[in-house]
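What you see below is based on every heavy atom in this structure, not just the backbone, and it leaves out hydrogens, waters and symmetry mates. Note on naming: letters A, B, ... go to the chains in the order of the sequence lines (proteins, then strands), and numbering restarts at 1 for each one. Please read all numbers here as calculations on a predicted model, not as lab measurements.
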2 protein chains.
Amino acid sequence: MGRPTVHDIAREAGVSLATVDRVLNARPGVRAQTVERVQNAVQRLGYVRDTYAANLARQREYRFAFVLPDGASQFVETFKAALQEAIGAQIGERISARIEAVPSHDPHAVVRVLNALPADKLDGVAIMTPETPQVRDAVARLKDEGLPVVALVSDLPSSGRDHFVGINSFQAGRTAGVLMGRFACAKSGQVLVVTNSMHARDSVERRLGFDEVMAETFPHISVLPSLETHDDPDRTDRIIAEAFRSNSDLLGVYSMGPGNVALLNALRSTGRLQDLVVVAHELTPSTRIALQDGEIDAVINQNVGHLVRSALRVLRAKCDGSEIFEAQERIRIDIVLRENLP
Amino acid sequence: MGRPTVHDIAREAGVSLATVDRVLNARPGVRAQTVERVQNAVQRLGYVRDTYAANLARQREYRFAFVLPDGASQFVETFKAALQEAIGAQIGERISARIEAVPSHDPHAVVRVLNALPADKLDGVAIMTPETPQVRDAVARLKDEGLPVVALVSDLPSSGRDHFVGINSFQAGRTAGVLMGRFACAKSGQVLVVTNSMHARDSVERRLGFDEVMAETFPHISVLPSLETHDDPDRTDRIIAEAFRSNSDLLGVYSMGPGNVALLNALRSTGRLQDLVVVAHELTPSTRIALQDGEIDAVINQNVGHLVRSALRVLRAKCDGSEIFEAQERIRIDIVLRENLP
DNA sequence: TGGTAGTTGAGGTACGTATATCACGTAAAG
DNA sequence: CTTTACGTGATATACGTACCTCAACTACCA
């Protein structure tokens with residue numbers, strides 16, 4: 001015979017179907033002793049609830065909200081596209097997802113959106129935003145209302161989020177460091193580090209990892225202080241030009257954050273792009289082209305498709321109270337060169 | 001209202017439930033005109049069959065067979081472990097998989113096993129084996145019996161297989177080449193290329209990709225003819241020792257196939273392992289340790305977990321006649337360094 | 001006219017689970 | 001002794017689909 005059903009449990013435990021149901025769904029009105037009898041039967045027969053039949057019966061729908069920064073970042077756009085695609089392909093999985101766009105540089109707006117989420121109309125929330133104390137509080141509130149919360153790309157530790165879907169920024173920084181050091185080939189000189197803002201936890205951690213490897217393994221290369229572009233193309237042009245004026249032996253550039261379009265333009269106008277080792281984060285249309293043209297040497301990437309599907313799977317598992325298949329949910333730090341472009 | 005059901009289709013098309021059922025399941029006894037009416041209704045309402053309800057009703061079980069080489073390869077062992085784990089985690093997905101072990105170096109045995117597969121007790125087959133004309137024929141036979149067939153890791157082109165789950169060997173070879181060239185840092189010298197056998201299509205293609213990049217981009221490095229170990233540790237020791245005697249400027253070693261344990265041992269006994277750039281394929285317990293110890297510089301990997309889950313998803317989709325979500329099924333060429341070890 | 005084949009409808013049962021209602025105990029409280 | 005609350009069983013309906021049977025209708029041919 002196939003998998004045991006609730007009927008088998010009822011027979012094995014010597015109780016009625018109704019009681020099995022009460023126990024399995026943690027409904028009240030069952031003596032502790034009876035509960036145990038049923039649970040033993042479940043154990044003995046190795047019963048596993050058929051989630052799909054259950055969802056069919058209860059007309060379950062998984063209603064998720066994705067809170068994403070609204071802005072010019074190609075990475076977020078790529079992520080959104082992957083999300084739309086995944087939702088489309090998941091027809092039949094009873095998943096619906098709404099996207100809540102949040103002005104990327106307004107910390108208060110994030111909190112407003114989070115607080116405005118209709119907890120009773122949702123079954124889970126995924127959040128991509130920098131960590132602030134207010135966000136932590138808002139997440140805690142969502143958790144209080146019984147909603148599973150997943151942090152996306154940027155972790156929200158000590159906020160009570162159920163899960164983090166993303167890569168370890170410190171390791172990502174180390175990986176970038178090794179590529180920079182080895183591709184620079186024992187030459188000595190300076191490396192530029194550029195990001196939009198060092199207020200983001202990711203940037204800080206990447207920088208730490210990068211510095212650690214450079215100091216350990218490539219002491220002949222000196223890593224310059226982080227330049228912050230503040231997402232401003234003009235400012236980017238200026239600080240890059242200035243950096244090239246004041247450093248004679250520039251070997252490479254490490255771009256830790258978004259804003260690769262502006263950065264690449266600034267680098268192009270120096271006329272020295274081809275000689276530099278450039279390592280950037282996130283595979284987007286622009287970094288892809290730059291890789292193909294040999295302008296960027298390596299991209300450290302987290303696969304957006306994997307991020308999206310992992311977030312959806314984890315949220316579902318949290319809703320169902322089922323186990324997470326850890327091996328599948330670990331997001332890899334992809335190293336993308338021209339040769340292994342997906 | 002939620003997703004349309006067969007009832008909605010029946011109403012929309014002005015026919016009975018039975019007729020909708022006949023059309024949807026391609027049963028005979030429906031006028032062409034009526035078929036069209038129903039299909040139009042399906043189109044208009046955007047009906048998608050609820051696969052899980054359908055599987056529930058028809059008591060479907062997906063019975064797959066995995067034909068895998070039986071042998072000492074750590075890669076295959078890792079793959080098997082991932083398969084077992086995935087099957088365990090898929091309880092509730094109505095999937096069962098049997099593993100058919102085949103002596104790895106007996107081409108006839110593969111064919112015997114394939115021919116002995118009980119087509120009527122199976123819903124799909126995944127095959128990991130080198131390509132031979134006999135295998136092609138056996139696959140064609142399986143297809144004739146109506147079974148979906150997926151080629152794993154090593155493609156079986158022109159065999160009629162439904163899908164290939166694995167990476168492009170040529171691109172993988174190119175990727176290895178770039179890493180070798182760049183990590184060798186403009187020094188000139190020779191690179192050893194080692195595999196167990198150049199009869200395998202993978203090895204040939206990897207070699208082609210590797211050579212192409214080396215010739216294009218690193219002409220100062222000369223790539224030596226492929227050494228074949230034939231899975232024999234003693235032979236491996238001998239040919240490696242001989243290669244070190246006759247080449248004075250060895251810069252690196254590219255290991256294209258399995259047998260990394262024996263190769264690493266042979267390299268260790270030369271005492272020059274630390275100075276070499278070593279690029280190998282497949283992340284296994286031994287290559288992982290060698291990466292950590294700095295003996296191997298880079299591993300080109302195809303994630304076994306992804307391979308397994310992709311094969312299962314594709315086989316299921318083929319059984320259901322549903323679309324494949326291409327973006328999800330593209331296996332990435334992973335570059336694994338010590339710093340981004342998963 | 002009757003026969004036959006092709007087409008359609010009506011309705012049922014089943015899959016495994018959720019959920020509701022009602023009835024029947026038993027034991028404690030009044 | 002009655003009342004009440006609690007624990008349990010019996011039974012039904014539903015979810016969306018598959019698959020079966022039986023009846024009925026149409027069209028065509030002999």
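Side-chain proximity of A18(B) to the nucleotides dA18(C), dG11(C), dG16(C) is greatest for dG11(C). You'll find that the side chain of Q59(B) is closest to dC15(C), out of dT17(C), dC15(C), dG9(C). In the set dT17(D), dA10(D), dA18(C), the nucleotide with an atom closest to the side chain of A54(B) is dT17(D). For A57(B), the listed nucleotide lying nearest its side chain is dT17(D); candidates were dT8(D), dG16(C), dT17(D). Of the candidate nucleotides dG16(C), dG9(D), dA10(C), dG9(D) has the atom lying nearest to any side-chain atom of T19(A). Closest to the H7(A) side chain, of the nucleotides dT17(C), dT8(C), dT17(D), is dT17(C). Between dA10(D), dG9(C), dA18(D), one nucleotide has an atom nearer to the side chain of R22(B) than all others, and that is dG9(C).
Of the N and O atoms on the side chains of R141(B) and N115(B), at least one donor lies less than 3.5 Å from an acceptor on the other residue. Between R94(A) and N55(A), the side chains place no donor N or O within less than 3.5 Å of an acceptor N or O (distance only, hydrogens not considered). Between the side chains of D320(A) and Y62(A), at least one donor-acceptor pair of N or O atoms lies under 3.5 Å. For the residue pair Y52(B) / E93(A), a side-chain donor-acceptor distance below 3.5 Å is found, with atom types taken as modelled.
Residue D50(B) is classed as a sugar-phosphate contact, given heavy-atom separations below 4.0 Å to backbone atoms only. Among the atoms of the strands shown, none is found under 4.0 Å from any heavy atom of T51(B). Among the protein residues, N25(B) comes within range of the sugar-phosphate backbone only, with heavy atoms under 4.0 Å from sugar or phosphate atoms but none that close to a base.
Residue R31(B) is the one, among R31(B) and R27(A), whose nearest nucleotide of DNA chain C lies closer to the 5' end (criterion: closest heavy atom). Nearest-nucleotide positions on DNA chain C for R58(B) and V35(B) put V35(B) closer to the 5' end.
For the pair R60(B) CZ and dG16(C) C1', the computed distance is 18 Å after rounding to whole Å. The nearest whole Å value for the distance from the OH atom in Y52(A) to the P atom in dA18(D) is 17 Å.
At a threshold of 4.0 Å, the pair D155(B)-R161(B) counts as salt-bridged, since one of the basic side-chain nitrogens sits closer than that to a carboxylate oxygen.
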